[in-house]
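Structure record follows, encoded as C-alpha cells.
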Number of protein chains: 2
Amino acid sequence: MDFHVRFDISDKLYLRNPEGSELGKQIVQKAIILIFDIGFEQFTFKKLASESNCTEASIYRYFENKHRLLLYILSWYWNYMEFLVNFKIMNLNDSKEKLKVVIQLLTQDLSVEFGNIEYNTHYLNQIVIAESGKGYMIKDVSELNSNEVFKPYKDLCATIASIISVYNPNYEFPHSLSTTLIEASHQQQFFSKNLPRLTDVNTVKKSDFIKLFLEDMLFKILG
Amino acid sequence: MDFHVRFDISDKLYLRNPEGSELGKQIVQKAIILIFDIGFEQFTFKKLASESNCTEASIYRYFENKHRLLLYILSWYWNYMEFLVNFKIMNLNDSKEKLKVVIQLLTQDLSVEFGNIEYNTHYLNQIVIAESGKGYMIKDVSELNSNEVFKPYKDLCATIASIISVYNPNYEFPHSLSTTLIEASHQQQFFSKNLPRLTDVNTVKKSDFIKLFLEDMLFKILG
DNA sequence: TTAGAATAGTTAGTATTACTATCATGAAAA
DNA sequence: TTTTCATGATAGTAATACTAACTATTCTAA
C-alpha cells in the first residue's frame, strides 16, 4: 500500500498555501529542520531563506511571520496525529485496545510512521514537545480566532475523549483527561530526556517508561 | 502574625541581586505587571525601563536579558509555592489531607495568600501559566546549568512526590505524577478560560472544576 | 503565439530590539 | 580629602522583523 496524505490547514495561518509550490514545501521542510536544530528563538526568516535557497522576501510571500509558520507546523502535526489515531484504531472493537493505541502513538517516536510524509516526523515530534507553548501561548491567538488555530488539537482531543466515554460512560472528565494525557506524554518525554529527576525513568525500563506511566494512570482513573 | 518571606534565587539568573536595592525590586515588580499585561514576546527592557522610571542600561545591570528575568520570576514563584505547601501541610498527619492541600494550592488563585509578598501573586500565577514554556524550553538552558534553573521546581516536585509515597508506598511513579499534577493544574486553568471545549468545565460547578478533576485523578491513581 | 496573470527574486530600505561601551554622580571608605 | 565603588545616564551598534517597489520567469488561456 502506497499513499499520500494531505491536510487542510487553516488559511488564516498562511498568505499563500505552501503546499501549492515546490518552494513552499521546501520552506516548510527546511523550517522544521532549522527549528529543530537551533530552536524557535534563534530561528529567523533570514536563516531559513539561506537554507531554502531563496530570499527573505519570498518567505514573507507565504507566511506573515515566523509565528504563523510555527502555528502552521503545529497544526499539521495535530492533523497528522489524528489521522494516525483514526487509522490505527480502525477495525478495533475493544475500546481498551483503542486507548492503548492512542498511548502508543503519543509516546512513541513518530519517525517510523507512514503516509509518505514530506516532513521529518522525528523533528516534528521534538518541535511539538519543545515549542508548542511558544506557538499557542500568545496574546494575539485570540485575535486570530483561536478556534481556527486550535481546531486540529481540539479534534484530536474530541476523538480521544469519545473513546474514553465509550470505555467508561460514567467518567465525568473525558476532555480534560484527553488533554492531560496528550500534554503529559510530551512533558514526560522532555523531562525524562533533560531532567530525569523530575520523572521516575530510572525505576523501570527506559523506553517503555512513559507508556507504562500513562497506561497505569489512564486505566486506574477509568477503572 | 506578620512576617516577610525571602528566597535565595540562583545567582546564575541575575548580574546584581534585585532584592538588594529599591530599583531592583521595582524592576521585578514592574516586570511582573508588564509581562502579565502585554505577554512575554511584546515585553522589552525599553518598556520596562519606562515603567520603572529608569533606563534600559540600568536594567541590564541587574539582568543579562529578558529571558533571565523571566527565569528569575519563575524561580521565585516555585520557591513561593513550595513555601506555601510546606507551611500549609505543617501539623497535618493525614497524607490524604496533605495532598488535598497541595491540589488546593495548585488550583486556587494565589491572590489571597500571605507572607507579605512584594509581588502581585495573581499576575505571577497567570505568568507561570502562560509563559513557563518560553522560559524553560530554550536551547541554552543546558549551558546555564539546568540544575540551577530548575531547582525550585524540582524541590517542589520532590516535596509532593514524597507525600505521594507516604500515601501509597507502592506507587511506582511519584515524581512523574507530581509534575503531571502541577502541569495539568496550569493547563486546565488556561484551557477552561480560553478553550473550554478542551475541558469539561461546563459539566460541573465552574470554580471547583479543576480541583474536582485533579482530586478524582490523584486518588483513583493512588487508590 | 502571445498577452496577462501568477510566481519568484532583487534591492533597498525602516523601525524596533537587544545589547555594549563609555561617561557621570554621589556616598562611603581610607 | 581623596579614592573607590555602586549606581545610573547617554549614546551608540548590530541584528531582527518587516515593507515597498521593481524585475524576471513561467504558466495559461484566448
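In the text below, chain A, chain B and the rest are named by the order of the sequence lines, each starting its count at 1.
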Go through dC19(C), dG9(C), dT17(C) for me and flag the one nearest to the Cys54(A) side chain. dG9(C)
Smallest heavy-atom separation, Ser75(B) atom then Tyr136(B) atom, equals N-OH, 4.4 Å
Hey, is the side chain of Tyr62(B) poking within less than 4.0 Å of OP1 or OP2 on dG8(D), counting only N and O atoms? yes
Candidate nucleotides dT17(C), dC19(C), dT19(D), ranked by approach to the side chain of Tyr60(A) - the nearest: dT19(D)
note: Phe40(A), atom CZ; dT16(D), atom P; distance rounded to Å ~ 14 Å
Please work out if Phe63(A) contacts a base, only the sugar-phosphate, or nothing of the nucleic acid, heavy-atom cut-off 4.0 Å. nothing
Please tell me whether Trp76(A) and Tyr72(A) form a close aromatic pair, meaning their ring centres lie under 6.0 Å apart. no
Find the distance Glu41(B):CD to dA18(C):P and express it as a whole number of Å. 11 Å
Any side-chain donor-acceptor pair under 3.5 Å between Thr199(A) and Gln188(A)? no
To the nearest angstrom, how far is Lys46(A) atom NZ from dT19(D) atom P? 17 Å
Minimum-distance pair of heavy atoms, taken over all atoms of Asn65(B) and Phe45(B): C-CZ, 3.4 Å
Integer-rounded Å distance: dT7(C) C1' and Ile59(A) CD1: 15 Å
Side chain of Thr44(B) only, heavy atoms from C-beta on: which candidate in dT17(C), dT16(D), dT7(D) is closest? dT17(C)
Interatomic distance where CG belongs to Asn65(B) and P belongs to dC19(C) [whole Å]: 5 Å
Nearest whole angstrom, please: distance from the P of dC19(C) to the CG of Leu69(B). 12 Å
Once you apply a heavy-atom cut-off of 4.0 Å, does Thr55(B) come out as touching a base, just sugar-phosphate, or nothing? base
Straight-line distance of Glu19(A) CD to Tyr14(A) OH, nearest 0.5 Å: 8.5 Å
Nearest to the Ser58(A) side chain among dA8(C), dG8(D), dA18(C), which nucleotide is it? dA8(C)
What is the separation between atom CG on Asn53(A) and atom C1' on dA8(C), rounded to the nearest whole Å? 13 Å
Identify, between Glu64(B) and Arg61(B), the residue whose nearest nucleotide on DNA chain C lies closer to the 5' end. Glu64(B)
Could you state the CD1-C1' distance from Ile38(A) to dA15(D), rounded to the nearest angstrom? 14 Å
Between Ala57(B) and Gln42(A), the residue closer to the 5' end of DNA chain D by nearest nucleotide is Ala57(B)
Base dA6(D) to side chain Arg16(B), donor-acceptor N/O within 3.5 Å cut-off: no
So Lys66(A), base contact, sugar-phosphate only, or nothing? Heavy-atom distance under 4.0 Å. sugar-phosphate
